[in-house]
Amino acid sequence: QVQLVESGGGLVQAGGSLRLSCAASRLIFSGNTMNWYRQAPGKQRELVATITSGGSTSYADSVKGRFTISRDNAKNTGYLQMNSLKPEDTGVYYCNIRLPIVQYDYWGQGTQVTVSS
């Protein structure tokens, strides 16, 4: 059973926008921090953005001012709004929810984002 379902990836020109969604079960989503990671070909997976259950956010320097992470706790869904996209944003984006008490990570299947120049 897939616990995190991602959507919203695709092909966009530089300067364009995409919004990624991550739908989770209430049991996994409620009260837990959600993260977005990405991985480009030949590179390590990197943390892009984080949001706590209370709404505190943090971002990688490379996306500050362009990306916004958010969550709708009533819908058990998280989002990553990506504006002013650059070719270097290209990669597979993964939603992650961490259960801190048991130190267990849930991952989405990944969604491809391709930004053309």
Side-chain angles (χ1 to χ4, degrees):
Q1 183 180 15
V2 177
Q3 300 298 317
L4 306 180
V5 179
E6 299 169 338
S7 61
L11 174 64
V12 65
Q13 291 185 338
S17 298
L18 288 171
R19 189 179 76 158
L20 307 183
S21 298
C22 176
S25 70
R26 185 205 62 79
L27 181 63
I28 295 171
F29 193 85
S30 180
N32 292 317
T33 294
M34 183 188 72
N35 309 288
W36 286 96
Y37 288 79
R38 69 185 180 190
Q39 188 166 25
K43 301 198 69 176
Q44 300 260 331
R45 185 175 298 184
E46 66 170 336
L47 178 63
V48 175
T50 295
I51 185 167
T52 69
S53 62
S56 297
T57 60
S58 61
Y59 300 90
D61 288 341
S62 59
V63 307
K64 285 180 180 176
R66 300 187 298 118
F67 290 13
T68 302
I69 187 172
S70 62
R71 63 192 293 159
D72 186 334
N73 291 331
K75 296 181 179 179
N76 299 314
T77 300
Y79 305 94
L80 185 67
Q81 177 68 45
M82 305 185 293
N83 298 326
S84 302
L85 283 162
K86 304 174 180 180
E88 50 263 47
D89 295 318
T90 293
V92 180
Y93 284 69
Y94 298 91
C95 179
N96 163 268
I97 294 177
R98 181 162 295 117
L99 276 58
I101 301 301
V102 297
Q103 290 292 295
Y104 189 88
D105 289 305
Y106 288 90
W107 294 91
Q109 79 281 3
T111 184
Q112 177 71 43
V113 172
T114 303
V115 184
S116 63
S117 59

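Throughout, numbering of the chain's residues begins at 1 and tracks the sequence. Because the structure is a prediction, the values reported are computed rather than measured.
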## Note on the structure
The reported gap from CE in M34 to CG in N76 (rounded to nearest 0.5 angstrom) is 11.5 Å
### Summary
Applying ring-ring contact (aromatic ring centres under 6.0 Å, His included) to Y37 and not counting sequence neighbours gives W107
### Task
With salt bridge (Lys or Arg N to Asp or Glu O under 4.0 Å) as the test, would you mind laying out the steps for K86 and D89 before giving the verdict?
CA-CA 5 Å; K86 304 174 180 180; D89 295 318; over 6 Å; no
### Task
Compare every heavy atom of M82 with every heavy atom of V113, then report the nearest pair and how far apart it is.
CG2-CE, 3.9 Å
### Task
Determine whether more than 12 heavy atoms belonging to other residues, nucleotides or ligands lie under 6.0 Å from atom CD of Q44.
no
### Query
So do the side chains of Q3 and L27 get within less than 4.5 Å of each other, counting heavy atoms only?
no
#### Entry: Between OG on residue S25 and CG on residue L4, distance to nearest 0.5 Å
7.5 Å
#### Entry: Closest approach of V63 to V48 (non-hydrogen atoms, all atoms of both residues)
CG2-O, 3.7 Å
### Message
So does G110 get a backbone contact from the side chain of E6, meaning a donor-acceptor N/O pair under 3.5 Å?
### Response
yes
### Task
State, yes or no, whether a side-chain contact exists between R38 and T90 at a heavy-atom distance under 4.5 Å.
no
### Summary
In this structure, CG of N32 is separated from CG of L99 (nearest 0.5 Å) by 4.5 Å
### Query
According to a 4.5 Å side-chain heavy-atom criterion applied to Ile, Leu, Val, Met, Phe, Trp and Tyr, with indirect links allowed, do F67 and I51 form part of one hydrophobic cluster?
yes
### Query
Short question: side chain of R71, backbone of F29 - any donor-acceptor pair under 3.5 Å?
yes
### Query
Which heavy atom in Y59 sits nearest to a heavy atom in T68, and how many Å separate them?
OH-CA, 3.3 Å
### Query
Do R98 and T33 come within less than 4.5 Å of each other through their side chains, counting heavy atoms only?
no
### Summary
Tested for side-chain contact (heavy atoms from CB on, under 4.5 Å) against C22, the lone hit among Y94, Y93, W36 is W36
### Query
Considering only heavy atoms from C-beta outward, does the side chain of K75 approach that of S21 to under 4.5 Å?
no
### Query
Which atom names give the shortest non-hydrogen contact between P87 and S117, and what distance separates them?
CG-CB, 3.8 Å
### Qualifying residue, where the test is side-chain contact (heavy atoms from CB on, under 4.5 Å) with V115 and the options are L85, L11, L18
L85
### Query
What closest approach, in Å, do I97 and A24 show between heavy atoms, and which atom pair accounts for it?
CD1-CB, 3.9 Å
### Summary
For L80 and A49, the nearest pair of non-hydrogen atoms, with its separation, is CD1-CB, 4.2 Å
